[in-house]
Amino acid sequence: MSKQEVILCHELAESLMQAIDGCPHDRLFILTDEHTHRLCLPRLKEIPAISQAEEIVIGAEDVNKTLESLASVWQVLSQKGATRHSLLLNLGGGMVTDLGGFAAATFKRGISYINIPTTLLAMVDASVGGKTGINFNGLKNEIGAFAPARSVLLETEFLRSLDDRNFFSGYAEMLKHGLISTRTHLNELLAFDTEKIDYSLLKGLVGRSVSVKEEIVEQDPKEHGIRKALNLGHTVGHAFESLALAEKRPVLHGYAVAWGLVCELYLSYIKCNFPKDTMRAVIQFIKENYGAFAFNCKQYEQLYELMTHDKKNSAGVINFTLLKGVGDICLNQTADKESIFEMFDFYRECMGV
Ligand code: GLY
């Protein structure tokens with residue numbers, strides 16, 4: 001898998017023109033969802049190549065990350081004469097970059113694409129690292145492929161219009177990157193004033209956060225080993241996300257990850273001796289900024305069951321990424337049911353639910 005270039009833009013138009021020029025193509029297509037078509041695409045229209053590009057617009061949000069939306073993208077590519085040498089630009093959040101990346105990976109066995117993420121979650125996670133796909137059969141990201149973008153252009157000016165919930169959703173993945181990298185990076189994330197955002201500071205944090213992911217993906221693009229570090233918080237987080245969805249009180253992905261981090265830091269503490277003061281500091285940050293996901297002890301079995309279905313498991317054994325310390329990663333950890341239930345007790349007690 002070739003390495004993708006990730007650019008923290010000073011001037012998006014300039015970086016985009018360079019990225020397009022660096023990727024010879026016959027026709028140019030730009031995929032947006034209904035929101036980014038209205039709110040973000042006008043910012044790129046001054047670029048001559050963009051004003052002439054064929055536009056493809058799909059419905060917004062995860063409910064549209066479907067085979068039908070994917071087919072509608074293939075349909076336009078096909079009808080408008082895309083060839084193997086065409087180029088697709090994906091302008092949007094993680095739904096657009098995942099689905100657009102998969103459309104590009106599969107159309108005529110693969111065309112080049114460039115990601116321009118517009119949400120924090122997409123900037124620090126979804127758009128980087130080559131995971132593409134769609135939801136299928138009620139399962140998230142069930143169908144997909146590893147196919148890196150040629151370039152990922154990070155324009156943090158888009159973040160100024162992000163609502164609080166989407167800001168914090170992305171920030172949870174940044175906290176995860178802090179935990180799996182260095183104490184310095186974790187501390188600057190915990191110290192960041194989330195009530196009065198300094199966007200130039202945030203830009204620096206985004207750059208450092210994404211480079212944590214890039215470095216890991218470069219070592220292990222297809223997740224055979226160290227890339228599993230990026231799953232910290234996700235084994236429990238996905239179970240919370242699924243329970244919330246089943247109970248028709250859906251939560252944003254990053255919120256589920258933040259609450260998953262609370263649980264998995266506790267497991268790290270009891271199983272790997274993760275320092276208690278660092279665990280407490282991260283939990284405090286999460287409690288203050290994310291609130292808590294409420295559940296009771298009657299739902300432990302259901303959460304446990306959901307965790308056994310996580311696609312990262314093998315042979316029915318629940319797989320966790322845990323930590324001995326900040327940046328000191330323990331892959332392929334497991335825990336028995338008793339420890340998992342004790343972890344839920346801890347979560348409810350410290351989060352006050
Ligand atoms: N979102 C985790 C990964 O890209 O591996």
Side-chain angles (χ1 to χ4, degrees), residues 1-6 62 65 90 92-102 104-105 113 115 117-135 139-149 151-152 154 166 168-181 185 189 206-242 251-261 264 307 310-314 319-323 327 329-333:
M1 209 165 82
S2 57
K3 183 178 175 331
Q4 59 192 187
E5 88 179 328
V6 180
D62 209 59
K65 199 172 167 182
N90 298 319
M95 194 281 267
V96 169
T97 60
D98 278 12
L99 186 146
F102 190 53
Y113 73 98
N115 280 340
T118 55
T119 65
L120 188 56
L121 188 74
M123 285 183 198
V124 297
D125 191 18
S127 71
V128 178
K131 282 187 181 174
T132 69
I134 55 163
N135 302 334
L139 298 166
K140 288 186 63 134
N141 303 324
E142 180 72 347
I143 308 292
F146 285 102
S151 309
V152 182
L154 307 179
N166 278 292
F168 282 113
S169 186
Y171 206 80
E173 297 287 358
M174 294 173 70
L175 285 177
K176 177 195 79 182
H177 289 161
L179 282 162
I180 61 174
S181 60
H185 185 42
L189 289 163
V206 167
R208 289 190 283 289
S209 185
V210 88
S211 64
V212 172
K213 177 159 184 179
E214 274 186 277
E215 208 174 291
I216 288 174
V217 171
E218 205 178 331
Q219 292 173 56
D220 177 23
K222 296 211 170 156
E223 200 170 305
H224 299 301
I226 191 62
R227 186 165 181 165
K228 292 181 190 171
L230 298 170
N231 296 333
L232 180 70
H234 284 65
T235 303
V236 181
H238 282 152
F240 285 160
E241 212 174 348
S242 303
V251 296
L252 291 180
H253 174 71
Y255 278 69
V257 169
W259 299 319
L261 285 173
E264 295 182 21
M307 284 163 61
D310 195 290
K311 64 172 164 291
K312 302 184 296 295
N313 299 335
S314 59
N319 188 293
F320 290 97
T321 292
L322 299 179
L323 297 174
I329 297 152
C330 308
L331 299 178
N332 301 322
Q333 299 297 298

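In listed order, ligands and their atoms are each counted from 1.
Between the side chain of Thr132 and the main chain of Ala145, a donor-acceptor pair closer than 3.5 Å is present. The backbone N or O of Leu230 sits less than 3.5 Å from a side-chain atom of Lys176, completing a donor-acceptor pair.
For Thr119, the side-chain contact (heavy atoms from CB on, under 4.5 Å) test picks out Leu121, Ala122, Leu162, with sequence neighbours left out. Applying the side-chain contact (heavy atoms from CB on, under 4.5 Å) rule to Asn141 yields the partners Lys65, Asp98, Asn135, Lys311; only residues at least two apart in sequence or on another chain are considered. Listed by chain and number, the residues in a side-chain contact (heavy atoms from CB on, under 4.5 Å) with Leu139 are Glu142 (sequence neighbours excluded).
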Every pair of nitrogen or oxygen atoms between ligand 1 and the protein that is under 3.5 angstrom apart - can you list them with their distances to 0.1 Å?
unit_1: ligand 1; atom_1: 1 (N); unit_2: Asp125; atom_2: OD1; d: 3.0
unit_1: ligand 1; atom_1: 1 (N); unit_2: Asp125; atom_2: OD2; d: 3.3
unit_1: ligand 1; atom_1: 4 (O); unit_2: Lys213; atom_2: NZ; d: 2.6
unit_1: ligand 1; atom_1: 4 (O); unit_2: Arg227; atom_2: NH2; d: 2.8
unit_1: ligand 1; atom_1: 5 (O); unit_2: Lys131; atom_2: NZ; d: 2.9
unit_1: ligand 1; atom_1: 5 (O); unit_2: Arg227; atom_2: NE; d: 2.8
unit_1: ligand 1; atom_1: 5 (O); unit_2: Arg227; atom_2: NH2; d: 3.3

- Please assess Asn115 against Asn90 for the test side-chain hydrogen bond (donor to acceptor under 3.5 Å, both in side chains), listing each intermediate value before the final yes or no. CA-CA 5 Å; Asn115 280 340; Asn90 298 319; 3.0 Å; yes

